[in-house]
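Heads up, the thing below is written out as structure tokens.
The figures that follow rest on heavy atoms only: side chains count, while hydrogens, waters and symmetry mates do not.
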Amino acid sequence: MSVSLAGAVTLWFDSAARDLPWRSPDTTPWGVLVSEIMLQQTPVSRVTPAWLSWLARWPTPAAMAADPDQPAAAIRMWGRLGYPRRALRLYECAVAAVERHGGEIPSDLDALLALPGVGSYTARAVAAFAFGQRHPVVDTNVRRFVARAVGGRAEAGPATTQRDLDAVAALLPEAAADAARASAAFMELGAVVCVARSPRCAACPVATTCAWRRAGSPPAEVPGQRTQTYAGTDRQVRGLLLAVLRDADTPVPATRLDIVWPDAVQRDRALATLLADGLVVTPEPGRYALPGAR
DNA sequence: AAAACGTGGAA
DNA sequence: TTTCCAAGTTT
């Protein structure tokens, strides 16, 4: 073997990396954290404009924490990225940074893991991409790429396990900066070449050594998981309700919410979970608003 | 450990 | 038109 897997993929990354704004060398750890939270289950194409707007308005955690319109402003700025609880978590991260870390995003992995909405993936991504540390960064792209290139399987398991972390850690170069770069490269390859549906193996820098290809590109073992329809779910109703409040500049009466969904039982249930999540408040009986809205 | 949690674009 | 899927986290 002339060059390691990480080396080959990193070399490819050097010329093929997309020019994403949060990859700019002057991006702060806060900017990296914002990107990682936004990218949780949301495609790059939709995140990019939201990230630019977010950082323009709140260039630091302190700026965000001090904004008197929070957290309503965060929820509004979040727009339609989906999973709006992430907007709340990001605001809470800003507050935590100010209260616990002198206004900075911490570099320590355990301190990162203690931030709201920051799990195993996001904490390691920030530690690696913002601080250049050597940690396995394992997201769905990396799991899929490693499952194929190393494991010879068409698909990865359903969730990130300690085994996944260990497997990726074993692939990383020793030098921290190289390891962080390799992690970004693995993710990029999984995102644009080693994709889920029709992998573009002709464009892959490690196609000749890929265990899955060597095995004849066998199909996935399990056909597929549940289809998970969206129409008619509580999720859709929550989205409709929150959209009304996002677009309103004063607290709205219940009648404004009643019209977005005909089933009162499901509507009330969705509203109750929004209240429980802290995404909606009742400033006065019978009226609803985003938290902190003035 | 399974299920909840949004949204929109591509196939 | 329907299904798949996108840099996950939390309970």
Side-chain angles (χ1 to χ4, degrees), chain A residues 13 17-18 20-23 27 31-51 75 78-90 92-93 112-130 135-146 155-161 164-165 168 180 183-192 194-200 220 223-243 245-246 260 266 269-270 272-274 276-280:
Chain A
F13 185 62
R18 292 168 293 176
L20 305 177
W22 45 88
R23 287 179 176 165
T27 300
V32 173
L33 176 65
V34 173
S35 77
E36 294 302 341
I37 300 270
M38 286 184 168
L39 286 162
Q40 291 170 1
Q41 303 285 279
T42 302
V44 166
S45 60
R46 289 167 57 205
V47 164
T48 300
W51 185 89
I75 296 170
W78 195 256
R80 305 181 66 76
L81 289 183
Y83 295 144
R85 292 192 289 200
R86 291 181 291 164
L88 233 38
R89 298 292 95 82
L90 208 36
E92 292 162 2
C93 281
L112 286 164
L113 283 166
L115 294 174
V118 174
S120 173
Y121 162 74
T122 303
R124 287 175 174 79
V126 173
F129 304 148
H135 296 288
V137 181
V138 182
D139 72 335
T140 185
N141 292 307
V142 175
R143 290 211 326 280
R144 183 176 55 244
F145 168 66
V146 172
E155 292 177 2
T160 302
T161 64
D164 293 324
L165 289 176
V168 173
S183 288
F186 287 151
M187 290 176 63
E188 186 79 349
L189 192 65
V192 306
C194 196
V195 294
R197 253 176 292 198
S198 307
R200 303 170 48 221
Q225 308 297 359
R226 69 211 178 290
T227 44
Q228 149 111 9
T229 58
Y230 174 65
T233 60
D234 287 6
R235 265 144 105 161
Q236 182 189 20
V237 181
R238 282 167 56 102
L240 291 170
L241 294 173
L242 200 62
L245 303 185
R246 215 167 35 221
V260 303
Q266 188 178 22
R269 187 172 64 224
T273 65
L274 287 169
D277 286 346
L279 285 165
V280 174

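I37(A) has its CD1 atom 19 Å from the P atom of dC5(B), to the nearest Å. The interatomic distance linking E155(A) (CD) with dC5(C) (C1') rounds to 11 Å, in whole Å. Taking atom OH on Y230(A) and atom P on dA4(B), their separation rounds to 14 Å, with Å as the unit. Distance R86(A) CZ to dA4(B) P: 18 Å, rounded to the nearest Å.
Using a 4.5 Å cut-off on side-chain heavy atoms (C-beta onward), D164(A) and V142(A) make no contact.
Residues forming a side-chain contact (heavy atoms from CB on, under 4.5 Å) with V195(A) (at least two apart in sequence, or on another chain): none. Residues passing the salt bridge (charged side-chain N to carboxylate O under 4.0 Å, His left out) test with R144(A): none are found, sequence neighbours excluded.
Donor-acceptor pairing under 3.5 Å is recorded for the side chains of R124(A) and S120(A). A side-chain N or O of R86(A) and one of T42(A) form a donor-acceptor pair less than 3.5 Å apart. A donor atom on one side chain and an acceptor atom on the other are found under 3.5 Å apart for Y121(A) and E36(A).
Rounded to the nearest Å, the gap between the P atom of dG8(B) and that of dT9(C) is 23 Å. On the P atoms, dA2(B) is 23 Å away from dA7(C), given to the nearest whole Å.
Using a 4.0 Å heavy-atom criterion, one finds that L81(A) contacts the bases of the nucleic acid, with or without backbone contacts as well.
Where S198(A) and G79(A) meet DNA chain B, the nucleotide closest to each residue was compared, and G79(A) sits on the side nearer the 5' end.
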## Note on the structure
With sugar-phosphate taken as primed atoms, P, OP1 and OP2 and all else as base, the protein-contact string of nucleotides 6-11 of chain C at under 4.0 Å (heavy atoms; B, S, -) is BBBSS-
